[in-house]
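All remarks here apply to the structure that follows.
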Amino acid sequence: MERSQLSPLEQRLIGHLQILYPDLDAADFAKECLQQFGLPAETPSPTPHRNLWDQSDAMIITYGDSLRRENEAPLQTLTRFFNSHLNDCVSTVHILPFFPYSSDDGFSVMDYTTVNPSVGNWDDVSAITEKFKVMGDLVINHCSSRSMWFENYKNDVEPGASYFVEALPEEDHSAVVRPRTSPLLREVKTNRGDRYVWCTFSHDQVDLDFKNPNVLLEFLKIIRLYLDKGIRWFRLDAVAFLWKTPGTPCINLPETHEMIRLLRLMIEHFAPDAVIITETNIPNRENLTYFGNANEAHLIYNFSLPPLLINTMVTGSCIHLKNWLMTMPPAQYGTTYLNFIASHDGVGVRPTEGLLTEWELDTLISTMTRFGGKVSSRTTPSGEAKPYEINISLWNAFSGTAQHGPDQWQFARFMCAHAIMASLEGIPAFYIHSFFATENDYQRVEHTGHYRSINRHIWQVENLEQALEHDTHNQRVFNAIRKLLKIRRRQPALHPNAVQYTLHTGEALFSFWRQSIDRRQSIFAIHNVSDQPQTFNLSELNLIATDQWVDLISEKVFEDRVAQVTLMPYQYLWLSNKLH
């Protein structure tokens with residue numbers, strides 16, 4: 001068939017496949033991909049550059065079993081709690097991998113097509129999609145060494161015999177970028193003799209070989225299953241490492257970007273409201289490339305935000321945070337940032353490269369260690385162990401300052417950081433344990449032997465609800481975050497793609513201006529990031545004289561346009577012109 005007789009979808013798909021698989025008949029393979037996905041070739045293209053979100057969007061990140069109740073599937077417990085407490089302030093639920101797994105709290109997937117019976121079943125997942133958008137993990141770089149695919153690999157049986165990346169130990173792998181300190185290759189006994197398989201993350205997480213087009217077909221089938229179950233947001237886990245080419249760093253390769261473009265093409269043609277998020281815990285400049293030309297990720301994780309914001313709050317200086325913010329390009333329509341401070345992982349320090357000095361990073365790490373945190377390392381190409389992430393609960397991370405240690409401002413500091421995150425350009429994502437101000441779980445670290453478990457506590461829901469009913473720090477934080485999000489969702493100027501402009505109000509006041517897409521609302525977000533009162537003049541903000549200005553947080557009206565305003569430690573204002 002001539003190219004002119006092909007549909008636009010087929011033509012675009014063939015273009016991606018020719019780059020990824022130059023030895024294949026791309027037209028035939030494109031038909032196979034579309035058939036596997038159940039996507040008619042004549043499917044119309046979605047409208048480009050469309051914002052699939054607004055200021056009412058906020059995400060919660062949770063494991064399927066972060067909340068437990070006796071004699072109830074944990075996914076049902078989650079649904080019940082979210083429906084009761086969060087459906088008026090949260091739009092999207094990111095359920096971390098809920099499949100059968102062998103390690104890494106779900107990220108060593110044994111079977112991509114079934115729900116782990118210990119958390120529930122597909123009906124329980126679909127029940128959450130009735131009231132919330134649901135983000136699922138596509139653990140695409142690797143799978144479990146106890147999966148059926150890997151068992152088939154060892155027995156030289158398909159599917160699986162050709163699904164994994166092999167390498168020879170005598171080859172030079174010194175350029176390969178690693179996020180862990182374990183050896184890159186694992187020796188495996190197979191029916192074909194001893195083989196060495198590629199393990200970017202751990203020896204239980206064996207890297208899949210996307211140079212084999214059959215691996216792509218498998219994942220198209222998996223994605224279609226998730227779509228059928230109501231999942232519309234897709235988190236591409238560890239996708240930066242997807243493609244391996246000997247002699248290269250094997251991270252951020254052109255083929256990886258091409259694969260993301262292909263997956264987006266398929267997903268958004270099937271479901272125009274679907275959203276792709278790339279999880280790439282790498283330096284900021286590299287991370288930004290995953291937007292492509294608004295044809296790769298709809299959202300990218302703002303990985304530099306957590307370490308820079310935590311550093312700001314414990315040092316009382318916003319200089320680095322402000323300098324970083326001024327270098328961040330506004331996202332094109334149809335793309336935006338996913339802002340977060342905490343997640344199931346630790347606080348990555350690689351995204352601070354070029355942003356914090358070595359001394360400043362050492363100070364941050366020692367401060368977090370002082371507040372009970374643990375530090376995990378990675379191996380550089382030269383074999384040197386370097387800090388990779390800080391493992392600590394966010395509540396403990398904000399215990400005090402680098403200079404003075406723990407103090408009385410923990411709650412105020414915690415909420416100020418979340419107010420900053422909630423008002424920045426992008427969609428805010430709250431880890432479930434930030435909602436509850438959960439503390440470091442040392443018992444879980446001891447039980448699992450992994451530092452990341454410090455921030456992966458499992459609440460018995462009766463204990464949680466009791467804590468939320470009494471005067472506890474858990475209750476104060478939970479109510480304050482919900483109130484903050486209810487305020488946020490009513491403000492057009494806090495739309496994820498609304499204009500943002502950084503203000504220069506000194507080292508201790510982190511400030512920026514947001515303006516709604518229709519230019520009717522302005523918000524001046526001013527945050528005292530220090531443990532001392534700070535004063536500024538309203539005249540510095542160029543407030544429009546004909547408008548009435550009110551702080552959305554306290555509801556205080558500011559009549560005097562040149563008044564001096566004093567903010568107490570970690571106090572913040574969202575100063576808005578009143579909409580008529």
Side-chain angles (χ1 to χ4, degrees), residues 7-10 12-13 16 30 33-54 56-61 90-99 112-113 122 125-140 216-239 242 256-280 290-301 331-338 426-427 429 496-497:
S7 71
L9 171 58
E10 287 175 301
R12 291 175 63 188
L13 181 56
H16 296 309
C33 289
L34 292 170
Q35 186 177 10
Q36 186 78 283
F37 207 65
L39 188 61
E42 300 303 325
T43 303
S45 298
T47 305
H49 303 290
R50 195 163 56 100
N51 292 328
L52 300 169
W53 43 77
D54 62 23
S56 67
D57 279 289
M59 180 183 289
I60 186 166
I61 305 165
V90 166
S91 65
T92 308
V93 179
H94 174 201
I95 313 173
L96 290 154
F98 45 79
F99 315 103
Y112 290 87
T113 64
W122 276 118
V125 174
S126 295
I128 300 178
T129 69
E130 291 175 10
K131 288 194 177 178
F132 299 91
K133 303 170 193 173
V134 170
M135 180 159 85
D137 278 278
L138 199 62
V139 185
I140 198 168
L216 170 60
L217 289 175
E218 290 279 9
F219 273 88
L220 290 178
K221 189 162 57 175
I222 290 163
I223 292 167
R224 175 58 198 267
L225 171 67
Y226 296 174
L227 286 163
D228 288 343
K229 299 300 183 183
I231 292 171
R232 287 295 179 269
W233 288 42
F234 292 85
R235 177 184 183 269
L236 305 189
D237 175 64
V239 71
L242 185 72
T256 295
H257 288 276
E258 197 67 40
M259 184 65 73
I260 294 169
R261 290 192 281 270
L262 185 155
L263 294 177
R264 171 163 173 171
L265 178 75
M266 300 291 282
I267 290 171
E268 69 178 3
H269 271 75
F270 182 88
D273 60 338
V275 172
I276 291 174
I277 301 178
T278 50
E279 188 266 333
T280 48
Y290 282 86
F291 278 140
N293 185 22
N295 61 351
E296 293 186 30
H298 294 87
L299 279 78
I300 62 171
Y301 279 81
Q332 294 185 53
Y333 278 14
T335 68
T336 194
Y337 297 102
L338 189 73
I427 297 173
N497 294 88

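Keep in mind that this is a model prediction, so the values were computed, not measured.
Every ring-ring contact (aromatic ring centres under 6.0 Å, His included) that Phe291 has, sequence neighbours left out, goes to Tyr337. Every salt bridge (charged side-chain N to carboxylate O under 4.0 Å, His left out) that Lys221 has, sequence neighbours left out, goes to Glu218. Taking Arg264 as the reference, Glu268 meet the salt bridge (charged side-chain N to carboxylate O under 4.0 Å, His left out) condition, with sequence neighbours excluded. By the side chain to side chain donor-acceptor pair (under 3.5 Å) test, Thr92 is found to be paired with no residue, residues two or more places apart in sequence or in another chain being considered. In this structure Thr336 satisfies the side chain to side chain donor-acceptor pair (under 3.5 Å) test with no other residue, sequence neighbours excluded. Partners of Asn497 by side chain to side chain donor-acceptor pair (under 3.5 Å), not counting sequence neighbours, listed by chain and number: Trp53. With sequence neighbours excluded, no residue satisfies ring-ring contact (aromatic ring centres under 6.0 Å, His included) with His16. With sequence neighbours left out, the side-chain contact (heavy atoms from CB on, under 4.5 Å) criterion links Ala429 to Met59, Ile61, Leu338, Phe340. With sequence neighbours left out, Ser126 forms a side chain to side chain donor-acceptor pair (under 3.5 Å) with no residue at all.
Annotation: side chain of Glu130 is not in contact with side chain of Ile128 (no heavy-atom distance under 4.5 Å). Side-chain contact between Leu263 and Phe234: absent, with no pair of heavy atoms (C-beta onward) separated by less than 4.5 Å.
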Show which side-chain atoms of residues 38-52 pair as donor or acceptor with protein atoms under 3.5 Å away, not counting sequence neighbours.
unit_1 : atom_1 : unit_2 : atom_2 : d
Thr43  : OG1    : Pro40  : O      : 2.6
Ser45  : OG     : His269 : NE2    : 3.3
His49  : ND1    : Tyr333 : O      : 3.2
Arg50  : NH2    : Pro272 : O      : 3.0
Asn51  : OD1    : Gly334 : N      : 2.8

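Counting only residues at least two apart or in different chains, side chain to side chain donor-acceptor pair (under 3.5 Å) contacts with residues 222-235 comprise Asp137-Arg235, Arg224-Asp228, Arg235-Asp237, Arg235-Tyr301.
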